[in-house]
Amino acid sequence: MKIKNIVLGLLLGLAILFTTYFICDFCLDLSKDFSLWGFGALLGFILLFFTTHFYYSKGKKLISTKLIMFLLVFAVVIFIFMSAPSMRFASKVLPSYISFLLGVLAGAIYSDRKIQKRHLYTSLLFLFPFFLNLNFYTSWVHFIEFGNISGKVDEQIYVPFEVQNIDNKILQNDSFKGKVVVLDFWFISCGPCWVKFPDLQKLYDKYKENPQVEIYAVNRPMPKDKPNQLFEAIEEKGYTFPVLKGTQKVMDDFDIYVYPTIVVLDQEGNVAFMGKIEGVEDVIQKLTNE
């Protein structure tokens with residue numbers, strides 16, 4: 001019986017680690033779409049809250065609650081170290097990481113009947129991801145990137161880059177000088193990117209006759225992509241905005257980690273805006289004095 005309990009305890013520990021890690025990975029993956037950053041943090045809090053409560057209720061007969069808590073937190077910490085490609089990205093998604101840890105803490109507090117005000121403490125912890133879901137997350141990202149919450153870039157940021165069009169012609173910064181350039185960074189298997197493409201098409205249709213403005217979808221190449229698939233995929237969906245083939249270096253140089261991300265360059269080639277497509281038209285109008 002003792003050996004059986006040890007084996008079951010080990011299996012429970014592995015289940016805690018894998019479940020917690022998977023929840024964190026799934027919820028952070030939602031941050032590929034700007035509009036879901038706050039929702040991902042909120043969902044992660046809720047799922048980890050119920051996961052913690054479940055393991056506390058069902059697993060305390062096999063392993064101690066202290067060990068359960070340690071394994072939950074350890075899984076979140078390991079995920080944080082494994083998921084952050086850079087300190088810049090880690091700072092952007094820091095609210096998600098905090099929400100995940102708070103979800104575990106809230107679940108542990110709620111499960112401990114010895115804590116008299118456990119419902120109150122749990123509710124207070126819930127407020128953090130709740131407010132993130134009210135568009136506070138996007139404001140945080142803009143603050144990290146540009147020191148403000150609007151997405152507007154106040155200081156001049158010039159990023160040298162090279163991209164390739166459908167005719168295999170290399171385009172550089174000088175190719176766009178004197179124009180306001182809208183770059184929509186995407187990749188083929190990015191679901192949120194396709195959701196936003198109708199908005200990009202509307203923007204393109206409005207400005208395609210305007211000599212001051214150029215609009216492009218800049219593709220991030222992926223290992224499984226077929227040659228010219230990026231151009232064919234857009235054409236098959238009936239979109240007419242031009243597509244450019246980027247490189248991972250381009251994405252890194254522009255500091256693109258979530259998709260889709262819109263970057264607007266001013267007439268001098270400086271980054272004037274970086275964020276969601278919803279804020280782009282106002283930037284264009286200001287830069288073109290329309």
Side-chain angles (χ1 to χ4, degrees), residues 20-48 72-106 125-159 161 183-187 190 192-193 218 220 246 248-265 270-279 283:
T20 306
Y21 191 96
F22 174 79
I23 290 173
C24 293
D25 185 56
F26 171 75
C27 293
L28 188 66
D29 194 55
L30 293 175
S31 67
K32 290 179 180 178
D33 183 348
F34 265 113
S35 64
L36 294 177
W37 283 43
F39 176 72
L42 179 62
L43 181 62
F45 177 95
I46 294 172
L47 291 177
L48 288 171
L72 287 160
V73 173
F74 180 73
V76 175
V77 172
I78 289 297
F79 171 77
I80 292 172
F81 280 102
M82 294 292 291
S83 65
S86 68
M87 286 300 298
R88 188 69 170 273
F89 178 80
S91 63
K92 287 181 184 179
V93 300
L94 179 62
S96 289
Y97 294 152
I98 294 175
S99 295
F100 299 160
L101 289 170
L102 290 181
V104 172
L105 178 61
L125 293 174
F126 176 75
L127 290 177
F128 180 79
F130 174 77
F131 282 113
L132 286 179
N133 196 43
L134 300 179
N135 211 35
F136 280 77
Y137 210 138
T138 300
S139 299
W140 165 261
V141 174
H142 286 313
F143 177 77
I144 292 297
E145 287 287 350
F146 314 119
N148 60 64
I149 62 174
S150 65
K152 178 183 176 184
V153 182
D154 294 321
E155 59 181 284
Q156 290 188 339
I157 302 174
Y158 185 85
V159 181
F161 67 96
L183 304 174
D184 182 353
F185 291 91
W186 68 289
F187 60 94
C190 171
C193 299
V218 182
R220 174 193 174 185
Q248 185 59 52
K249 184 179 185 306
V250 172
M251 307 298 148
D252 293 340
D253 289 345
F254 274 103
D255 221 3
I256 305 296
Y257 293 109
V258 294
Y259 298 85
T261 293
I262 298 287
V263 171
V264 180
L265 305 180
N270 297 310
V271 176
F273 176 88
M274 182 176 181
K276 298 189 293 185
I277 194 170
E278 286 76 10
V283 178

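The first residue of the sequence shown is numbered 1, and numbering continues consecutively from there. As the structure is a computational prediction, the values presented were derived from the model and not from experiment.
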(message) Set out, in order, the CA-CA distance, both residues' side-chain angles and the distance that settles side chain to side chain contact (heavy atoms under 4.5 Å, CB included) for Arg220 and Val250, then state yes or no.
(response) CA-CA 9 Å; Arg220 174 193 174 185; Val250 172; over 6 Å; no
(request) Please step through side chain to side chain contact (heavy atoms under 4.5 Å, CB included) for the pair Asn270 and Ile157, ending with a clear verdict. (result) CA-CA 5 Å; Asn270 297 310; Ile157 302 174; 5.9 Å; no
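Heavy-atom minimum distance, Tyr21 versus Phe79: CE1-CA, 3.5 Å. Contact record, Gly38 with Asn133: C-OD1, 3.4 Å, taken as the closest heavy-atom pair. Closest of all the heavy-atom pairs between Phe161 and Val159 is CD2-O, 3.2 Å. Of all the heavy atoms in Pro129 and Ala41, the pair that sits closest is CB-O, 4.0 Å. When all heavy atoms are compared, the tightest approach of Ser83 to Tyr97 is OG-OH, 2.8 Å.
SG atoms of Cys27 and Cys24 are separated by 2.5 angstrom or more, inconsistent with a disulfide link.
Remark: Ser99 OG to Leu47 CG distance equals 12.0 Å, nearest 0.5 Å. Going from atom CG of Leu43 over to atom CG of Leu48 covers 9.0 Å, rounded to the nearest 0.5 Å. If you take CG on Leu125 and CG on Leu102, they are separated by 5.5 Å, rounding to the nearest 0.5 Å. Here the CG atom belonging to Asp255 is positioned 11.0 Å from the CZ atom belonging to Phe185, to the nearest 0.5 angstrom. Considering CG of Leu28 and CD1 of Ile80, their distance stands at 9.5 Å, rounded to 0.5 Å. With rounding to the nearest 0.5 angstrom, the CG atom of Leu72 is 9.0 Å from the CD1 atom of Ile23.
Applying the 6.0 Å contact sphere to CZ of Phe130 captures no more than 12 heavy atoms from other residues, nucleotides or ligands. For CZ of Phe74, the number of neighbouring non-hydrogen atoms (other residues, nucleotides, ligands) closer than 6.0 Å is 12 at most.
Using a distance-only test at 3.5 Å, with no hydrogens or angles considered, a donor-acceptor pair links the side chain of Tyr137 to the main chain of Ser96. A donor-acceptor contact shorter than 3.5 Å links the side chain of Trp140 to the backbone of Ser91.
Phe100 places none of its side-chain heavy atoms less than 4.5 Å from the side chain of Val104. The closest side-chain heavy-atom distance from Ile256 to Val263 is below 4.5 Å. A heavy-atom distance below 4.5 Å is found between the side chains of Val271 and Leu265. The side-chain heavy atoms of Leu42 and Leu132, taken from C-beta on, include no pair separated by under 4.5 Å.
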